[in-house]
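Everything on this sheet refers to the single structure shown next.
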Amino acid sequence: MLITIPDVLDKQRIDFVQQALENADFVDGTLSAGMAAKRVKNNEELAADEKLMQQLNNIVMGSLVQNEQFKAAALPLRVAAPFYARYSSGMTYGDHVDDPVMGPPGQQYRTDVSTTVFLNEPDDYEGGELVVQTAYGPQKVKLAAGSAVVYPSSSLHHVAEVTKGTRLVAVTWTQSMVRDPAKRELLYQMNQARESLLKKRPDDTETRQIDVAYVNLFRMWSEL
Ligand code: NI
């Protein structure tokens with residue numbers, strides 16, 4: 001399941017991030033790619049600069065991990081520091097699945113959920129859609145600046161070639177408390193019904209039953 005989350009970053013934060021990235025150094029994205037990805041990856045990534053990364057991560061990740069919809073969709077146990085990627089005209093990232101385990105020794109995490117946060121407007125570039133293969137065929141995603149998409153890391157996906165302008169994104173990975181994407185999807189849907197019932201009919205018996213069932217299913221399926 002693919003979940004889009006609007007307005008993870010507000011206008012002020014987006015302006016700050018865009019300005020910071022405009023003057024930053026980027027390096028060849030294949031430097032951080034595994035063997036299979038190297039063959040299909042053609043983009044640039046923000047060069048290591050601890051101070052800048054820290055500033056950006058505080059803004060981008062700080063907003064993402066506090067977002068209620070992200071929490072409900074990803075059920076995060078660990079969220080990695082993101083990569084900031086830039087695609088200019090002619091750049092692309094061919095079909096691949098993300099690495100199963102990431103992070104330095106001692107801080108490794110399993111990648112269950114992939115997240116892309118769009119950092120500039122769709123009008124700023126042509127092409128550059130994130131295309132994710134799903135059970136219902138390929139889904140194309142190109143969102144407003146500040147919005148994010150969340151999808152299972154096991155999905156085959158690619159970034160279509162940018163044919164004009166520049167595409168800026170932050171990408172990150174989450175180890176979820178619920179490893180199975182089908183179970184996460186059920187919990188997400190059930191939680192939507194539960195939250196709506198808790199608002200509309202907080203005192204109903206059915207509301208309590210749904211709440212108890214959700215909480216106990218989450219407990220049954222979560223691994224920490
Ligand atoms: Ni990927």
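Counting convention: from 1, in listed order, for ligands and their atoms alike.
Counting only N and O atoms by type, the side chains of K200 and T207 include no donor and acceptor under 3.5 Å apart.
In this structure, V178 is not a member of the same hydrophobic cluster as V212, with clusters built from ILVMFWY side-chain heavy atoms closer than 4.5 Å. Cluster annotation: L187 is connected to M220 through the hydrophobic network of ILVMFWY side chains, with a link wherever side-chain heavy atoms come within less than 4.5 Å.
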Go through the steps for R86 and R167 under the test side-chain contact (heavy atoms from CB on, under 4.5 Å), then give the verdict. CA-CA 6 Å; R86 182 170 75 182; R167 173 189 193 259; over 6 Å; no
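Of all protein atoms, those of element N, O or S that lie under 2.8 Å from the Ni ion (ligand 1) number 3.
Other residues, nucleotides and ligands contribute more than 12 heavy atoms inside 6.0 Å of the NZ atom of K38.
In the hydrophobic clustering (ILVMFWY side chains linked at under 4.5 Å, chained through shared members), Y87 is joined by L2, V40, F83, M91, Y93, M102, Y109, F118, Y125, L130, V132, V141, L143, V149, Y151, V159, V162, V169, V171, W173.
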